[in-house]
S.K.: 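This is the structure I have questions about; it appears just below.
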Amino acid sequence: MNFCSSLVHDINFEPTAVQPCCDVHGVEVPRFPFIGGRLDMAAYAAHIEKSFQRLQASEDKLCRNCPELKEIADNNAGNIRILFRTVSINMHRHLCNCKCVYCNLWRGKGKGYPIMPVLQSLHEQHALHPRCLFSWGGGEPSILHDFDEASLWIREHGWWQYVHTSCLRFSPAIATLLHEGLGGINVSLDSGTPSTYEWVKGLNGFAKVCENLERYMSGALIPDDVHLKYIIFELNNSPAEIKAFLAFCAQLGISNVQYSLNFQELNGAGPSLKTLLGAAFFQFLATEMNMKCAPSFIPPKWQQAIDELRVEHFPA
């Protein structure tokens, strides 16, 4: 039977619905209408059961062609129980302090809904795994009105948090998570110079991000909890820019780096050869610099192409 573990282990809060995932593959995913407040887990479980049945119908387009959809033995069906191991917070997708050229979400309207009542309702209904991971996305979480309150509540329960932030604003709550080793951050810098940052991110903020990263790193209990990401595409795929980015990471003592591709390109005609070569160079140089280098949400087809280009152009 067709199955995806995200149906029962993961939950993602969007502006107008709850989903098991973020839909990075451009397919139809199960959507449960929701605009905040208490999430009725009985109703949500019924929705997941219906979604599960739809996955078995060959003519249904739900999750079709998603690489995460797997075939499992029928005798495992009776073991399915909803208990969230990850909670992704994205109901503020249109609330951001960046204007990235590869993202149109900041052009939308809406600040989302308060997340605290939602999280408390999940806890009261025993829907959260003891080792649940909370991921703050968006949009920009640090500018949410209840980010500090909700982050503190999660922290008090001992759950780990991963905050995707532009780093344009210094957040005392984020600094506390890093200082106590109870959270990490992911900053998509996408550049190594101020000029490229402005082209890609839509504003003049490179210096402020650098300043805030230095402050976070200086107080971090575990420096490896600070991750810097580079989304490689036409505006920043030059070897010189990638080299400048990795040199900046080394200067700050950041050894955890990620590379990704532009989702607009992935869901369209696909990345150019120059972009794939840029990713291969990024992988090669980061490894040469003894950094922990990992791809981020790159489909197997394109990752294989990157790996082959690295072997061809940048042999060890």
Side-chain angles (χ1 to χ4, degrees), residues 22 24-25 67-68 86 100 102-103 133 135-137 160-167 174 178 181 183-193 196-197 200-201 206 209-210 212-214 216-217 220-263 265-266 270-316:
C22 286
V24 297
H25 301 295
E68 305 303 323
T86 70
C100 302
Y102 51 72
C103 175
L133 168 67
S135 177
W136 293 88
W160 207 78
Q161 301 175 62
Y162 195 53
V163 186
H164 297 264
T165 175
S166 66
C167 216
I174 291 177
L178 291 170
I185 62 171
N186 185 300
V187 181
S188 192
L189 190 62
D190 307 330
S191 59
T193 59
T196 299
Y197 181 93
V200 174
K201 313 299 279 188
F206 189 81
V209 172
C210 294
N212 291 335
L213 277 169
E214 288 178 5
Y216 285 145
M217 283 295 291
L221 177 66
I222 306 171
D224 273 1
D225 286 340
V226 177
H227 301 171
L228 248 62
K229 185 165 70 174
Y230 199 106
I231 297 176
I232 305 170
F233 66 116
E234 292 307 305
L235 288 183
N236 64 2
N237 59 14
S238 73
E241 195 68 29
I242 292 169
K243 187 175 182 179
F245 168 83
L246 293 173
F248 169 74
C249 293
Q251 179 184 336
L252 261 64
I254 295 173
S255 60
N256 251 323
V257 295
Q258 300 174 357
Y259 62 95
S260 189
L261 299 175
N262 185 338
F263 282 128
E265 293 179 354
L266 288 176
S272 68
L273 175 60
K274 186 179 178 183
T275 288
L276 295 174
L277 275 168
F281 177 70
F282 185 106
Q283 188 187 72
F284 162 76
L285 186 57
T287 303
E288 287 287 298
M289 296 172 68
N290 295 316
M291 293 180 173
K292 301 178 183 70
C293 177
S296 177
F297 291 105
I298 297 181
K301 167 187 174 181
W302 298 114
Q303 187 59 56
Q304 181 179 346
I306 292 168
D307 293 341
E308 290 174 354
L309 286 169
R310 178 184 174 181
V311 171
E312 179 182 355
H313 294 272
F314 311 105

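Note that the structure is predicted; figures quoted are calculated from it, not measured. FYI, side chains are in, hydrogens and waters are out, and symmetry mates aren't considered; it's all heavy atoms of this structure.
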S.K.: Could you tell me whether the side chain of Lys229 reaches within less than 4.5 Å of the side chain of Ile231, counting heavy atoms only?
M.R.: yes
S.K.: At their closest point, which heavy atom of Ile222 faces which heavy atom of Gly181, and how far apart are they?
M.R.: CD1-CA, 4.5 Å
S.K.: Pick one: which of Val226, Leu228, Leu213 meets side-chain contact (heavy atoms from CB on, under 4.5 Å) with Leu252?
M.R.: Leu213
S.K.: Roughly how far apart are Gln251 CD and Met217 CE, rounded to 0.5 Å?
M.R.: 11.5 Å
S.K.: Find the distance between CG (Leu276) and NE2 (His313) and round it off to the nearest 0.5 Å.
M.R.: 10.5 Å
S.K.: Could I get the full list of side chain to side chain contact (heavy atoms under 4.5 Å, CB included) partners for Ser272, not counting sequence neighbours?
M.R.: Glu234, Asn237, Lys274, Thr275
S.K.: Which pairs count as ring-ring contact (aromatic ring centres under 6.0 Å, His included) when at least one residue sits in residues 281-307, sequence neighbours excluded?
M.R.: Tyr230-Phe282, Phe245-Phe282, Tyr259-Phe282, Phe281-Phe314, Phe284-Phe314
S.K.: What's the spacing between Asp307 CG and Gln283 CD if we round to 0.5 Å?
M.R.: 5.0 Å
S.K.: Can you list everything that forms a side chain to side chain contact (heavy atoms under 4.5 Å, CB included) with Thr196? Sequence neighbours excluded, please.
M.R.: Ser191, Thr193, Trp199, Val200, Asn236, Glu241
S.K.: Any side-chain heavy atom of Ile185 sitting closer than 4.5 Å to one from Ile174?
M.R.: yes
S.K.: State, to 0.1 Å, how close Ile298 and Pro295 come at their nearest heavy-atom pair, and which atoms those are.
M.R.: CD1-CB, 3.9 Å
S.K.: List the atom of Ala286, the atom of Val257, and the distance in Å for their closest heavy-atom pair.
M.R.: CB-CG2, 4.0 Å
S.K.: Not counting sequence neighbours, which residues clear side chain to side chain contact (heavy atoms under 4.5 Å, CB included) with Met289? List them please.
M.R.: Leu246, Ala250, Leu285, Met291
S.K.: Compare every heavy atom of Cys167 with every heavy atom of Tyr216, then report the nearest pair and how far apart it is.
M.R.: CE1-SG, 3.5 Å
S.K.: Could you pull out the closest heavy-atom pair between Ser188 and Lys201, with the gap in Å?
M.R.: O-NZ, 2.8 Å
S.K.: From Gln161 CD over to Asp225 CG, what is the distance, rounded to the nearest 0.5 angstrom?
M.R.: 12.0 Å
S.K.: Measure the spacing between CD of Gln304 and CD of Glu308 and express it to the nearest 0.5 Å.
M.R.: 4.5 Å
S.K.: Show me the pairs that pass salt bridge (Lys or Arg N to Asp or Glu O under 4.0 Å) and involve residues 296-306, at least two apart or across chains.
M.R.: none
S.K.: Enter the distance from Leu309:CG to Leu277:CG here, rounded to the nearest 0.5 Å.
M.R.: 5.0 Å
S.K.: If I compare all heavy atoms of Ser166 with all of Val187, which pair ends up nearest, and what's the gap?
M.R.: O-CG1, 3.9 Å
S.K.: Looking only at side chains, do Asp190 and Tyr102 share a donor and an acceptor under 3.5 Å apart?
M.R.: yes
S.K.: Do the side chains of Ser260 and Ile232 get nearer than 4.5 Å, heavy atoms only?
M.R.: no
S.K.: Scan for salt bridge (Lys or Arg N to Asp or Glu O under 4.0 Å) pairs involving residues 286-295, sequence neighbours excluded, and state none if there are none.
M.R.: Asp224-Lys292
